[in-house]
Amino acid sequence: MPRGPLLVQAARRESVERTPVWFMRQAGRILPEYRAIRERLTLIEISQRPEVAAEVTLQPLRRMPLDAAIMFADIMTPLIGAGVALDIVEGVGPVIERPIRDDAGVRAIRALQPDQDVPYVLETLRLVRRELEPAQALIGFAGAPFTLAAYLVEGRPSRDFVRTKSLMYGAPATWHMLMDRLAELTVSYLRAQIGAGVDAVQVFDSWVGALSPDDYAQFVQPYMRRIFTSLGSAGVPMIHFGVMTSTLLEAMATDGASVIGLDWRVPLDEGWSRIGYDLAVQGNLDPVALFAPPDVLEAKALDVLQRAGGRPGHIFNLGHGFLPGTPLDNAIRLAELVRHESARLHEHRRPLAIIA
Ligand code: CP3
């Protein structure tokens with residue numbers, strides 16, 4: 001009996017014969033075939049051409065045994081659709097033409113009408129879904145309001161988020177108006193992706209770890225809850241991911257996602273027990289492990305699987321995306337290793353599960 005994508009089964013904490021695996025930033029510069037396309041087209045051009053974006057989305061699945069494709073776009077893509085002038089600069093990241101620091105700036109972000117504003121994203125998803133096997137998942141995604149706001153306010157990547165937090169503390173009404181708009185934009189964007197056939201969605205709050213638990217609760221959490229509550233009825237697994245979130249995990253666990261993405265700074269077993277076993281987890285190998293000798297990489301990957309302990313509800317991933325310069329052979333080796341070793345661990349566990 002086909003039970004749909006393995007990743008969806010794991011996200012629902014059903015028992016699976018092996019641990020599903022995919023990698024953040026699996027599509028992109030780690031692949032020479034991507035770099036060849038990038039020589040003729042910018043990142044934004046690729047994402048706006050559905051045939052090319054679909055091809056780039058599928059490239060990593062031809063190289064490695066992966067259980068999911070993640071649509072090729074950027075977290076800034078829907079903001080372009082909502083009228084924000086920006087560029088994605090190689091080696092830097094998103095750069096905003098007119099950073100947003102007042103009410104007028106916030107009002108310039110239009111409400112997103114995905115069919116009209118980002119039709120190419122939805123077309124890419126339809127093209128990719130047709131090419132995948134039923135057991136493979138198509139993951140849609142969006143940037144979370146805080147991480148989007150950090151780019152919009154700073155105007156470019158930042159380390160300390162001084163301008164972002166200054167707005168938050170100094171002009172809370174403007175901050176809340178910005179977060180409100182970004183939350184609405186995220187809901188419409190993800191709802192449209194679900195309509196176009198994605199099997200799961202991931203919300204990337206990459207920079208939320210810059211906040212204290214109190215600031216998270218006051219300035220961010222209401223919007224995360226609104227996003228997950230609004231989308232919950234769609235029945236699609238929702239992954240809530242952030243970096244340096246070890247002090248925020250208990251809060252994130254109450255926001256309504258079905259899966260929490262962990263970075264490598266928290267051991268997976270500890271993170272999972274703090275989140276609670278009623279939620280699934282995704283993660284959390286250090287992306288730098290892919291630069292280590294094969295035996296070290298293998299030991300670190302096995303450690304992640306062992307900490308998951310064969311419990312239903314683990315999706316294997318890195319703790320953050322592939323870094324530039326990651327050796328492709330090691331990425332392939334890792335995907336193969338997770339596939340084989342997790343099947344072996346699940347095999348061993350089965351009789352124990354019956355006794356338990
Ligand atoms: O497989 C995939 O993950 C590809 C799809 C994807 C991209 N960006 C394409 C991309 C996804 C899921 C993203 C999300 C994204 N974008 C995040 C959240 C995930 C994370 O890493 O925390 C963030 C923070 C961004 C913003 C952004 N875009 C950054 C920081 C950069 C790196 C800039 C650089 O060149 O070092 C980008 C550019 C970007 N987005 C690349 C890719 C493949 C880099 C390669 C290129 O320019 O072609």
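Numbering of ligands and ligand atoms starts at 1, following listing order.
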Check: every ligand 1 N/O to protein N/O pair under 3.5 Å:
{"from": "ligand 1", "atom 1": "1 (O)", "to": "Q26", "atom 2": "N", "distance (Å)": "3.1"}
{"from": "ligand 1", "atom 1": "1 (O)", "to": "A27", "atom 2": "N", "distance (Å)": "2.8"}
{"from": "ligand 1", "atom 1": "1 (O)", "to": "A27", "atom 2": "O", "distance (Å)": "3.3"}
{"from": "ligand 1", "atom 1": "3 (O)", "to": "R25", "atom 2": "N", "distance (Å)": "3.0"}
{"from": "ligand 1", "atom 1": "8 (N)", "to": "D74", "atom 2": "OD1", "distance (Å)": "3.1"}
{"from": "ligand 1", "atom 1": "16 (N)", "to": "R25", "atom 2": "NH2", "distance (Å)": "3.2"}
{"from": "ligand 1", "atom 1": "16 (N)", "to": "D74", "atom 2": "OD1", "distance (Å)": "2.9"}
{"from": "ligand 1", "atom 1": "21 (O)", "to": "H320", "atom 2": "NE2", "distance (Å)": "3.2"}
{"from": "ligand 1", "atom 1": "22 (O)", "to": "S206", "atom 2": "OG", "distance (Å)": "2.4"}
{"from": "ligand 1", "atom 1": "22 (O)", "to": "H320", "atom 2": "NE2", "distance (Å)": "2.6"}
{"from": "ligand 1", "atom 1": "28 (N)", "to": "D74", "atom 2": "OD1", "distance (Å)": "2.8"}
{"from": "ligand 1", "atom 1": "35 (O)", "to": "R29", "atom 2": "NH1", "distance (Å)": "3.1"}
{"from": "ligand 1", "atom 1": "35 (O)", "to": "G91", "atom 2": "N", "distance (Å)": "2.7"}
{"from": "ligand 1", "atom 1": "36 (O)", "to": "R29", "atom 2": "NH2", "distance (Å)": "3.2"}
{"from": "ligand 1", "atom 1": "40 (N)", "to": "D74", "atom 2": "OD1", "distance (Å)": "2.9"}
{"from": "ligand 1", "atom 1": "47 (O)", "to": "R38", "atom 2": "NH2", "distance (Å)": "3.0"}
{"from": "ligand 1", "atom 1": "48 (O)", "to": "Y34", "atom 2": "OH", "distance (Å)": "2.5"}
{"from": "ligand 1", "atom 1": "48 (O)", "to": "R38", "atom 2": "NE", "distance (Å)": "2.6"}

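In this structure, R29 is not positioned above the aromatic face of Y34 in the sense of NZ or CZ being under 6.0 Å from the six-membered ring centre and within 45° of the axis. In this structure, R311 forms a cation-pi arrangement with W272, its terminal cationic atom sitting closer than 6.0 Å to the ring centre and no more than 45° off the ring axis.
By the 4.0 Å N-to-carboxylate-O rule, R126 lies close enough to E123 to be salt-bridged with it.
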Can you list, pair by pair, the side-chain donor-acceptor contacts under 3.5 Å of residues 165-173, counting residues two or more places apart and other chains?
{"from": "K165", "atom 1": "NZ", "to": "A210", "atom 2": "O", "distance (Å)": "2.8"}
{"from": "S166", "atom 1": "OG", "to": "V162", "atom 2": "O", "distance (Å)": "2.6"}
{"from": "Y169", "atom 1": "OH", "to": "D215", "atom 2": "OD2", "distance (Å)": "2.4"}

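Pairs of residues two or more places apart, or lying in two chains, that qualify as side-chain hydrogen bond (donor to acceptor under 3.5 Å, both in side chains) and include a residue from residues 233-253 are E250-R274.
Remark: Q193 engages no residue in a side-chain hydrogen bond (donor to acceptor under 3.5 Å, both in side chains) (not counting sequence neighbours).
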